[in-house]
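The analysis underlying the following values was restricted to heavy atoms, covering all of them including side chains, and did not include hydrogens, waters or symmetry mates. Every chain is numbered from 1 and lettered A, B, ... according to where its sequence line falls, protein lines coming before strand lines.
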There are 2 protein chains.
Amino acid sequence: MNQRRAATERKANERVGRPGKNGDGPERHESIYHAISDAIIEHRLKPGARLREDALSEVFGVSRTGIRKILQRLALEQLVTLTPRRGASVTRPTAAEAKDVFDARQMIECGLMPEVARRMTPEAAQELRDMARREREALKGGEQSAAIKMSAAFHGRLARLSGNATLAEFVERLCSRSSLILAVYGNAGHLGCESHDHDDLLSFLEQGNGERAQAFMGRHLKAIEASLSIHEEEEETPDLYQIFSA
Amino acid sequence: MNQRRAATERKANERVGRPGKNGDGPERHESIYHAISDAIIEHRLKPGARLREDALSEVFGVSRTGIRKILQRLALEQLVTLTPRRGASVTRPTAAEAKDVFDARQMIECGLMPEVARRMTPEAAQELRDMARREREALKGGEQSAAIKMSAAFHGRLARLSGNATLAEFVERLCSRSSLILAVYGNAGHLGCESHDHDDLLSFLEQGNGERAQAFMGRHLKAIEASLSIHEEEEETPDLYQIFSA
DNA sequence: ACAAGGTCCATTGTATACGTATTCCTGTCG
DNA sequence: CGACAGGAATACGTATACAATGGACCTTGT
């Protein structure tokens with residue numbers, strides 16, 4: 001209950017987002033969308049967190065109409081769950097969904113590797129190396145949020161290189177959902193991708209070795225999935241236990 | 001211009017959809033969504049057709065607010081295109097998009113076959129046989145609309161059998177987009193799936209022969225793609241030519 | 001003291017109204 | 001006779017207001 005009280009009292013006139021920068025144009029919605037989705041992907045908004053329309057409209061300085069549009073978009077990407085008369089909340093993926101997502105990534109990302117290896121260019125490789133480096137640095141600096149986002153961006157960028165926009169878009173959505181899954185089932189210790197996995201993968205791709213890249217991506221994803229502790233949480237009173245143990 | 005005039009004058013008080021049946025509840029939106037998406041998939045609404053919010057709100061008897069929500073949902077599924085200040089229109093897939101969609105289907109639907117063969121049950125097989133039969137009957141009866149919808153439903157149902165809801169949903173969306181692609185690039189003569197392909201595929205799956213099913217699905221999709229006449233249409237005045245030739 | 005019921009409030013769902021941009025038509029000028 | 005410009009109408013984008021439903025808190029009875 002303290003959470004709700006705190007959220008209510010913080011009715012602040014301080015609007016986030018770039019106050020004077022973004023014109024009131026339609027780009028505003030884009031920026032708000034990214035602000036919310038980034039917050040979810042970076043675990044600043046945890047699964048189960050409620051997203052009240054009034055609060056969001058006050059925070060971002062736009063009317064509920066615009067917020068609703070953004071919320072529906074996020075819902076179709078399955079980052080938030082829209083319960084009929086209860087409002088929006090950050091999606092809490094089930095164990096079955098987690099398995100589905102990783103199976104899908106296994107099939108698609110691995111299947112994409114040969115084509116990516118074929119289309120890899122020095123410029124793209126350089127960009128990916130930069131992303132991998134920034135991810136490592138974030139991880140080393142203890143910034144889990146940034147590391148998770150960079151990892152998802154890396155996988156998404158890689159998929160885009162295949163030239164298939166449809167599949168790339170799907171991979172990006174799967175990566176976003178993976179971030180949510182990590183938030184729920186991930187162990188705090190070692191999260192997500194191993195430090196040098198992405199660099200190793202890049203080496204194979206730069207060599208044009210699609211086969212090895214495909215196999216390596218398969219192991220990479222399996223490793224991530226194996227690092228999760230998938231246990232279906234009980235439905236009845238798990239919150240009470242958590243509260244008392246905390 | 002005749003089209004526009006006709007559409008304008010038909011301002012009719014006759015509301016479509018079930019007038020007294022569907023309660024004004026939230027189910028109404030579901031039925032409207034399906035009415036529009038079915039119309040698109042069945043080619044009753046052709047690519048490029050404009051979907052004015054006012055007209056739709058009058059036709060279905062709900063306010064523009066609800067229509068906008070539905071339109072945005074259709075836009076995220078890429079069945080309609082939302083141009084910033086121009087409104088909504090049925091998406092006209094480009095040649096590149098068509099290739100992407102069929103490449104994606106190739107990868108995913110083929111990859112799903114082994115698991116589908118493993119999970120195939122007599123009941124599911126029976127249901128799929130019924131769907132294939134109804135598709136054949138529709139095709140024989142000259143009802144292209146129904147045949148196209150049934151074909152998409154068949155592929156979607158098949159994907160659902162894999163047990164992976166995420167991939168199944170994606171396949172369903174790809175099938176919807178395929179219907180659009182057929183509308184633009186398909187030859188009127190022989191459209192979509194060959195008559196007995198689906199039955200043959202079912203036989204392999206009932207035998208639990210995932211390998212052959214996978215190979216057959218690959219050929220099946222390749223055959224559909226090959227039957228298309230992919231030619232990038234000119235941008236300037238193709239509509240005029242079509243109007244004058246018609 | 002605990003449980004059950006009722007009442008009140010908070011939050012979402014929907015509609016309507018207003019503002020703005022774009023497009024089509026018409027009139028005039030070259 | 002054609003082309004450009006201006007105006008009017010049309011259609012989208014946004015905000016605000018109202019209605020309905022579900023939850024939470026309080027009260028009361030056992």
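Between the CG atom of Leu51(B) and the P atom of dT10(D) there is a distance of 19 Å, rounded to whole Å. In this structure, Asp54(B) atom CG and dG13(D) atom C1' are separated by 13 Å, rounded to whole Å. To the nearest angstrom, P of dT12(C) lies 11 Å from CD1 of Ile67(A). The distance between atom CZ of Arg28(B) and atom P of dA15(C), rounded to the nearest whole Å, is 10 Å. If you take CD of Glu53(A) and P of dT14(C), they are 11 Å apart, rounded to a whole angstrom. Atom pair Phe60(B):CZ and dA15(C):P shows a separation of 14 Å (rounding to whole Å applied). Going from atom CD of Gln72(A) over to atom P of dT14(C) covers 10 Å, rounded to whole Å. Atom pair Leu82(B):CG and dA11(D):P shows a separation of 16 Å (rounding to whole Å applied).
Phosphate proximity of dT14(D) to His29(A): present, with a side-chain N or O under 4.0 Å from OP1 or OP2. Contact between the side-chain N/O atoms of Arg52(B) and the OP1/OP2 oxygens of dA11(D) is found at a separation under 4.0 Å. Contact check, Arg68(B) against dG13(D): a side-chain N or O comes under 4.0 Å of OP1 or OP2. For Arg86(B) and dC12(D), the shortest distance from a side-chain N or O to OP1 or OP2 is not below 4.0 Å. Distances shorter than 4.0 Å separate some side-chain N or O of Lys69(B) from OP1 or OP2 on dT14(C).
Contact detail for Lys46(A) and Val90(A): the closest heavy-atom pair is O-CB, 3.4 Å. When all heavy atoms are compared, the tightest approach of Ala104(A) to Asn164(B) is N-ND2, 4.0 Å.
The side chain of Thr65(A) lies closest to dA15(D), out of dT12(C), dA15(D), dT14(D).
Counting atom types as modelled, Arg64(B) pairs a side-chain N or O with a base atom of dG13(D) as donor and acceptor under 3.5 Å.
Side chains of Thr81(B) and Thr91(B): a donor-acceptor N/O pair is present below 3.5 angstrom, by distance only.
Surrounding CZ of Arg160(B) are more than 12 heavy atoms belonging to other residues, nucleotides or ligands, all under 6.0 Å away.
In summary, Glu53(B) and Arg64(B) engage in a salt bridge, as defined by a charged side-chain N under 4.0 Å from a carboxylate O.
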